[in-house]
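Remarks on the structure that follows.
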Amino acid sequence: MFHFSQRRRATGFTVTELLVVIVMLAVVLAIQIPTDAASRRTARRMQNSTQLRGIHQALVIFGQSNKFFYAGVDSRGNILANADNTTGDSGDGDTVQARYWILLRGDFFTPEYAISPSETSNLTEYDPGFAVVPDEVFWDQDVKNYSYAMLGINGLPGQAPESAGRGGEWKETANTQATVLTDRNTGHNATNRVQSIHTSDEGDWKGSLVWNDNHSGFEQSHIHDTKYGNGALNVDDFGSPADNLFAQDTVGENQAGMDALMIISGDTTVQIGEW
């Protein structure tokens, strides 16, 4: 009698097959990880622009009960003096921290809204002086800082902001060429060493901008064509954008302040690193 037997075939992976699978997974991950990172970066930038627009909308809403003037000036258009009941002792109304204090104290947005979603490290604590509500719900220990610069409106308390052009834009004007809010400059100066939280390259500024008609965008440069009040359009002799968002023109045709001066500190020197 003959007995026939069948050999059972092994069903596991061979070493070669396993290596093929590993290589394929590595290729997929190599493609997917940068794609996911780029998607997250794009999402953060979109949220960043959304928050900036939200802060501008808060300014507009504030202005509706302040003769259309934004936070930091009174209903006559004069800069508020530093006081507990006006700016929470955080500075005169032309300082950025005082303007944030006014908006946050009025619950126009939460403190977290003033922090960019791209702020992932090296957050510098922002201390608004004595502006702390007794129940400690106003300034949380982890969010005493802000990511966004505001238009410089320097001047004396009780008087209209200096430079009718730039200062006159700190109200609802629907000016499509007046930048009023931007991502801050984290570089060492306003010219060749600009930088932002969106890039690690010195001299390279990228960030969100909001104009006074509430349109916003994520821009690749800090040089733009702007126009404040009745000032001339900020372009060079060839018609190219010429306004440095973080510097004040003191020698050209816009030395009266028709250029942008986006500040994050309490004075108009463009101190852009830590504040």
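Values in this document were obtained by computation on a predicted structure and should not be read as measured data.
Aromatic ring orientation, F109 versus Y113: tilted (interplanar angle from 30° to 60°).
Between the side chains of T199 and D204, a donor-acceptor pair is found at a separation under 3.5 Å. For the 3.5 Å distance criterion, the side chains of S49 and S208 qualify, holding a donor opposite an acceptor. A donor-acceptor pair shorter than 3.5 Å can be found between the side chains of H56 and N212. Residues W101 and T87 have side chains that never bring a donor and an acceptor to within less than 3.5 angstrom of each other. N66 and S75 share no side-chain donor-acceptor pair at under 3.5 Å. Inspection of the Q195 and D201 side chains reveals no N or O donor paired with an N or O acceptor under 3.5 Å.
Counting only heavy atoms from C-beta outward, the side chains of M150 and Y100 approach each other to under 4.5 Å.
A pairwise comparison of heavy atoms in Y148 and V96 identifies O-CG1, 4.4 Å as the closest pair. When every heavy atom of P161 is checked against every heavy atom of I153, the shortest pair comes out as CB-O, 3.7 Å. The shortest non-hydrogen separation linking L59 to A71 is CD2-N, 4.0 Å. Residue R45 comes nearest to H198 through the heavy atom pair NH2-O, 3.6 Å, listed as atom of the first residue, atom of the second, then distance. Among all heavy-atom pairs drawn from L103 and A58, the shortest one is CD2-O, 4.2 Å.
Looking at Q51, its side chain never comes within 3.5 Å of a backbone N or O of A114 through a donor-acceptor pair. Between the side chain of T86 and the backbone N or O of L80, no donor-acceptor pair lies under 3.5 Å. With hydrogens and angles ignored, the 3.5 Å screen pairs a side-chain donor or acceptor of N82 with a backbone N or O of G91. The backbone N or O of R184 lies less than 3.5 Å from no partner atom in the side chain of T182, so there is not a single donor-acceptor pair. Listed for the R166 side chain is a donor-acceptor partner under 3.5 Å among the backbone atoms of G152. A distance-only check finds a donor-acceptor pair linking the side chain of D94 to the backbone of G155 [under 3.5 Å]. Put simply, the side chain of N48 never gets that close to the backbone of S116: no donor and acceptor are under 3.5 Å apart. Between the side chain of D74 and the backbone N or O of N78, at least one donor-acceptor pair lies under 3.5 Å. Judged by distance alone, the side chain of Y228 and the main-chain N or O of G167 form no donor-acceptor pair under 3.5 Å. Side chain of S216 to main chain of L209: no donor-acceptor pair is present (N/O by atom type, distance under 3.5 Å, no hydrogens or angles).
With N234 as reference, T226 is the one residue of N244, D259, T226 to meet the side-chain hydrogen bond (donor to acceptor under 3.5 Å, both in side chains) rule.
By the 6.0 Å and 45° rule, R99 stacks over the aromatic ring of W170. Both tests hold for K171 against F69: distance to the six-membered ring centre under 6.0 Å, angle to the ring axis within 45°.
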